[in-house]
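One structure is given here, and the rest of the page talks about it.
Numbering of ligands and ligand atoms starts at 1, following listing order.
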Amino acid sequence: PLAETSKPGLLGRLMGRALPNAAPRRVLDDEMLEQLEELLIASDMGVETALRVTANMAEGRMGRKLSSEEIRRLMATEIARIMEPVARPMPLTPQRPQVVLVVGVNGSGKTTTIGKLASQFKAAGKSVVIAAGDTFRAAAVEQLQVWGDRAGVPVMVAPQGSDPASLAFDAMAKAEADGADLLLIDTAGRLSNRADLMEELAKIVRVIRKKDPTAPHNTLLVLDATTGQNALTQVDVFKKLSDVSGLVMTKLDGTAKGGVLVALADRFGLPIHAIGVGEQVDDLDAFDPEEFAAALVG
Ligand code: GDP
């Protein structure tokens, strides 16, 4: 559980400094709201979202005297309210295999997330096939093989630099032949040449649709929470490159500027299917808005 395992986020530390628990009760006025806004913005929430949170906090409460504890609780409640609609696990669909395309920039945690998902689905009694679709990155392919071996999940690989779409097609054939429940497809995350990447992703989709016109059934965008506001840009970019259906936020175990999740929820409304809270197989949790808000506010 996030609230117990993680230290207070950046926002929590800022709040602790600005409004120590021992501070006397303070009147909720414009000055205080401005101060709270600044704290929210500093936690990577973005101006628009910060204003929404403080406006909601203020509603019907202006002029009231509040303790630091009450202010924190109020802030956590308002943050959780924004997050609630996006807290949804990845939907399981009736198709076999259910094809899950995993996209995101290199280093965001795609490989690790696929490994964790494969293990968790396997443990839940599902059969899984992994396609190591970033055929240019030998390290990513090796990592996936390690995760696959550990989970007892077959990993389809292709010679370095070969066509990812052709690998995806083979993996689809293998998953169909095995009667697998899920096919998890890793993809390249080189944003240096977006046109190439877009074509590569589009080709993977075209090819798997030859076997199942409804595929992919989910397109997960993996985002590194420690990149702060960059995550917003990455969603913008990947929404153009692919049909993003949900998010996985990784590295929420560190001193992540988790405020960006609130901005993401507020701006895009994409479901957050899971959060990464470490490098181990069990470190992938469902997203719990109340725990998250409590941990963020500290
Ligand atoms: P990829 O390039 O997108 O495939 O990213 P990787 O899966 O290789 O992850 C990059 C680095 O981040 C690796 O060192 C992972 O162990 C680490 N990592 C991934 N997810 C998490 C997480 O949730 N928490 C932490 N602390 N590290 C993570």
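Nearest to atom 5 (O) of ligand 1 by heavy atom, out of A225, G104, G109, is G109. Scanning Q143, M249, E279, Q280 for the heavy atom closest to atom 27 (N) of ligand 1 points to E279. Comparing heavy-atom distances from atom 4 (O) of ligand 1 across T111, I275, L144 singles out T111 as nearest.
Under a 4.0 angstrom heavy-atom cut-off, G278 registers as being in contact with ligand 1. At least one heavy atom of G107 lies less than 4.0 angstrom from ligand 1.
Judged purely by distance below 3.5 Å, without hydrogens or angles, the side chains of E69 and S67 never pair a donor atom with an acceptor atom.
For E200 and R190, the salt-bridge test passes: some basic side-chain N is under 4.0 Å from an acidic carboxylate O. Here D134 does not pair with K110 in a salt bridge; the nearest charged N to carboxylate O distance is not below 4.0 Å. Ion pairing of E48 with R267 is absent here, as no side-chain N (NZ or NE/NH1/NH2) approaches a carboxylate O to less than 4.0 Å. Looking at E199 and R206, a side-chain N of the basic residue comes within less than 4.0 Å of a carboxylate O on the acidic one, giving a salt bridge.
In terms of protein heavy atoms, atom 7 (O) of ligand 1 is closest to T112 OG1, 2.5 Å. The shortest contact between atom 18 (N) of ligand 1 and any protein heavy atom is with K251 CE, 3.8 Å. Protein heavy atom in closest approach to atom 26 (N) of ligand 1: D253 OD2, 2.7 Å.
Exactly one residue among R96, K122, K126 makes a side chain to side chain donor-acceptor pair (under 3.5 Å) with D181. That residue is R96.
Between S108 and ligand 1, a contact under 3.5 Å exists for at least one N or O pair.
In summary, the atoms of ligand 1 found under 4.0 Å from a heavy atom of K110, numbered by their order in the structure, are 1 (P), 3 (O), 4 (O), 5 (O), 7 (O). Interface of V277 with ligand 1, defined as ligand atoms under 4.0 Å from a residue heavy atom, comprises 23 (O). Ligand 1 places these atoms under 4.0 Å from at least one heavy atom of G276: 23 (O). With ligand atoms numbered from 1 in the order given, ligand 1 contributes 1 (P), 2 (O), 4 (O) to contacts under 4.0 Å with heavy atoms of R137. Short contacts between ligand 1 and V105, defined as distances under 4.0 Å to a heavy atom of the residue, involve ligand atoms 3 (O). Residue N106 approaches ligand 1 through these ligand atoms, each under 4.0 Å from one of its heavy atoms: 2 (O). Close approach of ligand 1 to K116 is summarised as follows: ligand atoms under 4.0 Å from at least one heavy atom of the residue are 23 (O).
Between the side chain of T135 and the main chain of S162, a donor-acceptor pair closer than 3.5 Å is present. Without hydrogens or angle criteria, N218 side chain to L220 main chain gives no donor-acceptor distance under 3.5 Å.
Atom CE of M249 is separated from atom OG of S108 by 10.0 Å, given to the nearest 0.5 angstrom.
Atom CG of D243 has 12 or fewer neighbouring heavy atoms from other residues, nucleotides or ligands inside a 6.0 Å radius.
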